[in-house]
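Here's the structure we're looking at; comments come further down.
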Number of protein chains: 2
Amino acid sequence: MARSMHVRRPATLASLAAELGVSRTTVSNAYNRPDQLSPELRRRVLDTARRLGYPGPDPVARSLRTRKAGAVGLLLTENLSYAFRDPAAIGFLEGLALACEDAGTGLLLVPANPEREDVASVHRAGVDGFVVYSVPDDDPHLAAVLERPVPTVVCDQPDLGTVDRVGIDDRGAMYELAKHLISLGHRRVGVVCMRLARDRNDGFVTAERQHAAHFHVQRNRLSGLAEAFSEAGVDWSQVPVVERFDHNMASGASGAAQVLDKDPQITALICTSDVLALGAMTEAARRGLRVPHDLSVTGFDGIREAEAAALTTVRQPVLEKGRAAGKLLLDSSERTRPRSVNLATELIIGKTSAAPRGGAEERWFGP
Amino acid sequence: MARSMHVRRPATLASLAAELGVSRTTVSNAYNRPDQLSPELRRRVLDTARRLGYPGPDPVARSLRTRKAGAVGLLLTENLSYAFRDPAAIGFLEGLALACEDAGTGLLLVPANPEREDVASVHRAGVDGFVVYSVPDDDPHLAAVLERPVPTVVCDQPDLGTVDRVGIDDRGAMYELAKHLISLGHRRVGVVCMRLARDRNDGFVTAERQHAAHFHVQRNRLSGLAEAFSEAGVDWSQVPVVERFDHNMASGASGAAQVLDKDPQITALICTSDVLALGAMTEAARRGLRVPHDLSVTGFDGIREAEAAALTTVRQPVLEKGRAAGKLLLDSSERTRPRSVNLATELIIGKTSAAPRGGAEERWFGP
DNA sequence: AATTGGTTCTGAACCGTTACGGTCACTTCA
DNA sequence: TGAAGTGACCGTAACGGTTCAGAACCAATT
C-alpha cells in the first residue's frame with residue numbers, strides 16, 4: 001500500500017502526514033521547529049520522509065506562506081551576461097554578493113533585455129527586494145520594479161525620493177578631474193562617453209542630448225566637465241563629445257578616433273570610464289601619439305587595469321557601492337524616509353596626464 | 001468605500017475582482033490571456049488595478065500554481081562573492097548567464113558558505129533546476145541539491161550517472177602538458193595545486209591525499225601529471241606537491257616558495273591553475289630566478305592575464321562550459337538518460353617553459 | 001425551431017505550506 | 001483536592017494565484 005503508485009505524485013507534507021497518521025502541522029514542525037514535538041516522533045517523521053522520497057517542504061509554497069523569498073533581485077539593464085564582462089559591474093556585484101552572503105540571502109540576476117520592452121521578468125521574480133544598478137531613468141524595467149511592493153535601492157540613479165539610493169558625486173568628481181587638466185594648461189579637449197540613452201547613437205552629441213541624457217551617471221559627469229571648462233573660459237558647446245553605445249575598449253578606440261579626426265589639435269581626451277580610456281590609449285598608440293606627451297588621456301572608475309596602466313582617473317569604491325546597496329536593502333530596520341548614501345571618490349593622478357605640448361607658451365602669452 | 005482602509009492590505013487578485021464585480025478568473029485572464037475577455041473589460045480591470053495599486057499577480061503564488069520559478073540556481077561552494085573574484089569562475093558565469101538570458105530565465109546565486117554545514121539555503125531556493133559548479137564531491141550542499149526533485153547539471157564533477165554533466169578531460173589535458181615538459185627535458189619538478197578537500201591543508205600533500213582528493217578537477221590534474229612523469233621514469237612519490245586552500249596569486253607565490261625551499265633543484269613548477277602560476281612567477285622573480293631560463297612555470301585555464309603573461313598553460317573554454325551547462329539544464333526535451341559533455345582543451349605553449357639549464361647535457365649522458 | 005459555433009465570463013478545485021489558537025493528558029504545587 | 005502549569009500535538013484558515021470544465025448569451029446556419 002505504502003509503496004503503490006510509486007512516484008506517481010511526489011510526496012507532500014500532507015501525504016507524509018497521512019502516511020504517518022499525524023497532522024500536517026506536526027510534519028511541518030519536524031522540519032522547522034524541532035522543539036515542538038518529541039524527538040522520537042520527529043525521527044519517525046524524518047525517516048518516513050526519506051523512505052517516501054519527500055525532499056522537505058517545498059520552497060515556493062513556503063515562500064508564499066511566510067512571505068519571504070530569501071533572495072534579492074538585481075536589475076541591471078544590459079544583457080545579463082554584461083554583469084560579468086564589465087570590470088566595474090563585477091566589482092559592484094562582488095560587493096553586493098558579500099552583503100548577501102552575510103545575510104544568508106540569495107542573489108537573483110533578473111534578465112532584462114534592453115532591446116525588448118519585456119517587463120515580465122521583473123514581474124516573475126520572486127524576491128524580497130530589488131537592487132537596481134545603473135539603468136536609464138526612463139527604463140520600463142525600473143518602472144516595473146518601483147511598482148512592486150518590495151523595498152528597493154537604486155544605484156547610480158537620480159534620487160527618486162521614494163526609495164533608498166547609493167551612489168557617488170559623479171558631477172563633483174569629474175569637476176575635480178577637469179580642474180586638474182585645466183591647471184595643467186589644457187583648454188582644447190575632447191570627450192568620449194558611454195551611452196546617454198536607450199537609443200543607439202554612435203557619434204557626436206549635441207548639447208541638448210547631453211542635458212537630456214537618461215543615464216544619471218553620464219549626464220552628471222558631462223555636466224561636471226562642462227561646468228569646469230566653462231569656468232575656465234572654454235566654450236563647452238565647441239568641445240567635441242562622442243558617444244558610444246557599447247561599453248568596451250573597441251568603443252573607446254573608435255570614439256577616440258572620431259574625436260581626433262574632428263579636431264586633431266586637442267591636447268586631452270577625457271573618457272567617462274576607464275574601459276573607454278584604455279581603448280583610447282590604444283588608438284593614440286596606433287596614431288603614434290605619445291601619452292601623455294602628445295595627448296593626455298583620463299578615465300573614470302579606478303579599475304585594476306587602469307591602475308596597471310597608470311591611468312589618470314577617478315577611483316570610485318565599486319565594491320563598497322555594491323555592499324552598501326545590499327546592506328541598505330537587507331537592513332530591515334523600520335525607517336520612515338528613504339536614505340541616500342554618497343560614497344567618497346578619489347582623484348588619481350597617473351602618468352597619462354601632463355601639460356600639453358606648448359601649454360607653457362600658451363600660458364606665457366595668455367591673460 | 002473604494003479607497004477606505006487605504007493600504008491596509010495590499011490589493012490582491014481577489015480584492016480586485018470583488019471591487020470590479022467580476023470573477024478572479026477574469027482578472028487573472030486580463031493579465032495572462034488577453035484574448036479571453038473583451039478589450040473593454042480588460043481595460044477596466046487594468047485601470048482599476050492601477051487605481052488600487054495592485055502590482056499584478058504575485059510571482060510566488062503564481063510559481064506555486066504553475067510549478068515554474070523562472071530561475072535556475074547556481075551552487076558553487078565558496079563564499080558567494082568568490083564567483084566574482086576568480087577569473088575562471090567569472091567566465092563560467094558569463095556563459096551561464098548567456099544561456100539564461102537566451103531562455104529569459106533568471107539566475108539565482110545560492111549562498112553556500114563552505115564553513116557552515118548549513119544546507120537550508122539550498123532548500124529555500126525556489127528554482128527550476130540547479131547548476132553545480134566545482135564543489136567537492138562530498139559537499140553536503142551538493143547532496144541537498146541532488147535530493148531536490150529538479151533537473152541538475154554538474155560541472156567539473158565526476159560523472160554521477162544520475163544527472164547531466166559538463167566538463168573537460170582534466171587528466172588528459174594535464175597529461176599532455178606534462179609530456180610537453182618531459183620532452184623539454186624536465187625530470188625534477190614541483191607542483192602547486194588548489195585545495196583538495198574541504199579541510200584546510202596549506203602544505204605538502206601525501207600520495208594518499210592526492211588520490212582521495214574530493215575536488216574532481218584537482219584530483220584528475222594531479223593524476224595526469226603522475227601518470228606522465230611515472231611513464232618518464234620519475235618516481236612521483238618523491239615529487240613535492242604543495243596544496244593551498246585559498247585560490248589567489250598570494251597562494252601561488254607562497255606555494256612556489258614552499259616547493260622551492262624544499263627542493264631548490266627543480267627545473268619546472270607546475271601549477272594547477274593560472275592564478276597560482278601567476279603568483280608563482282612573482283615568487284620566482286623575487287628569488288631572482290629567470291623564467292623560463294632558470295625555472296619553467298606552467299598554469300591551467302587560459303585566463304586573459306595568463307595570455308598577457310605568455311604563460312604556458314592549458315586553455316579550457318570556460319565561457320562555453322557555462323553556456324553548455326545552461327543549455328543542458330534549460331533544454332527541456334525529454335531524455336531518458338543523463339548526458340555527459342566533454343569540451344575540448346588546447347595546450348598553449350607560451351614563453352614560460354623551456355628546456356632546463358643543463359637539460360641538454362643530462363640527455364646526452366642519459367640512457 | 002432546433003442546432004451549431006463562438007465569445008465572454010464564472011465556480012470550484014487545486015498548488016503545498018505555515019500561522020494561529022486551540023485541546024488534551026499529565027505533572028506540580030499549595 | 002483543586003488550581004495552575006507544561007509538553008505534545010492538532011484543525012482551520014489563510015497565502016495569492018491558475019486552470020479547466022462549463023454556463024450564459026448571441027448570431028448565424030440548417
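Lettering follows sequence order; numbering is per chain, from 1.
Side-chain to base pairing of B:T12 with D:dG17: no donor and acceptor N or O lie closer than 3.5 Å to each other. Taking 3.5 Å as the limit, the base of D:dT18 and the side chain of B:R65 contain a donor-acceptor pair of atoms between them. In this model, a side-chain donor or acceptor of B:T25 finds a partner on the base of C:dG11 within 3.5 Å. Remark: the B:S38 side chain and the C:dT7 base include no donor-acceptor N/O pair separated by less than 3.5 Å.
A donor-acceptor contact shorter than 3.5 Å is absent between the side chain of A:Q157 and the backbone of A:Y133. The main-chain N or O of B:V122 is found under 3.5 Å from a side-chain atom of B:R148 such that the two form a donor-acceptor pair.
In the set D:dC9, C:dG16, D:dT18, the nucleotide with an atom closest to the side chain of B:P57 is D:dT18. Nearest to the side chain of B:L13, among C:dT18, D:dG17, D:dC10, sits D:dG17.
Nearest-nucleotide positions on DNA chain D for A:P39 and A:R24 put A:P39 closer to the 5' end.
Among the atoms of the strands shown, none is found under 4.0 Å from any heavy atom of A:N29. Among the protein residues, A:L37 comes within range of the sugar-phosphate backbone only, with heavy atoms under 4.0 Å from sugar or phosphate atoms but none that close to a base. The residue A:Y54 sits close only to the backbone: its heavy atoms come under 4.0 Å of sugar-phosphate atoms, none of a base. Residue-level contact check: B:V22 touches the backbone only, with heavy atoms under 4.0 Å from sugar-phosphate atoms and none from bases. Residue B:R33 is classed as a sugar-phosphate contact, given heavy-atom separations below 4.0 Å to backbone atoms only.
As rounded to whole Å, 16 Å separates atom C1' of C:dC9 from atom CG of B:N32. Following rounding to the nearest Å, B:R42 (CZ) and C:dC9 (P) show an atom-to-atom distance of 12 Å. Taking atom CD of residue A:Q36 and atom C1' of nucleotide D:dT6, one finds them 12 Å apart after rounding to whole Å. Between B:R44 atom CZ and C:dT8 atom P there is a gap of 15 Å when expressed in whole angstrom units. Distance B:H123 NE2 to C:dG16 C1': 16 Å, rounded to the nearest Å. When the C1' atom of D:dT6 is taken as reference, atom CG of A:D35 falls 14 Å away, rounded to whole Å. The OH atom of A:Y31 sits 13 Å away from the C1' atom of C:dG16 (whole-angstrom rounding). Per the geometry, CG belonging to B:D58 stands 19 Å off P belonging to C:dC15, to the nearest Å.
Using a 4.0 Å cut-off, no side-chain N or O of A:S23 falls inside it from OP1 or OP2 of D:dG11. In this model, the phosphate group of C:dT18 is not approached by any side-chain N or O of A:T66 to a distance below 4.0 Å at OP1 or OP2. OP1 or OP2 of D:dC15 has not a single side-chain nitrogen or oxygen of A:R67 nearer than 4.0 Å.
Remark: B:R85 CZ to A:L98 CG distance equals 6.5 Å, nearest 0.5 Å.
A:F92 pairs in a side-chain contact (heavy atoms from CB on, under 4.5 Å) with only one of the listed residues (A:D86, A:D156, A:L74), which is A:L74. Between A:D47 and the options A:R50, A:R44, A:R43, a salt bridge (charged side-chain N to carboxylate O under 4.0 Å, His left out) holds for only A:R43.
Taking the six-membered ring where the residue is Trp, the centroids of B:F84 and A:F84 are separated by under 6.0 Å.
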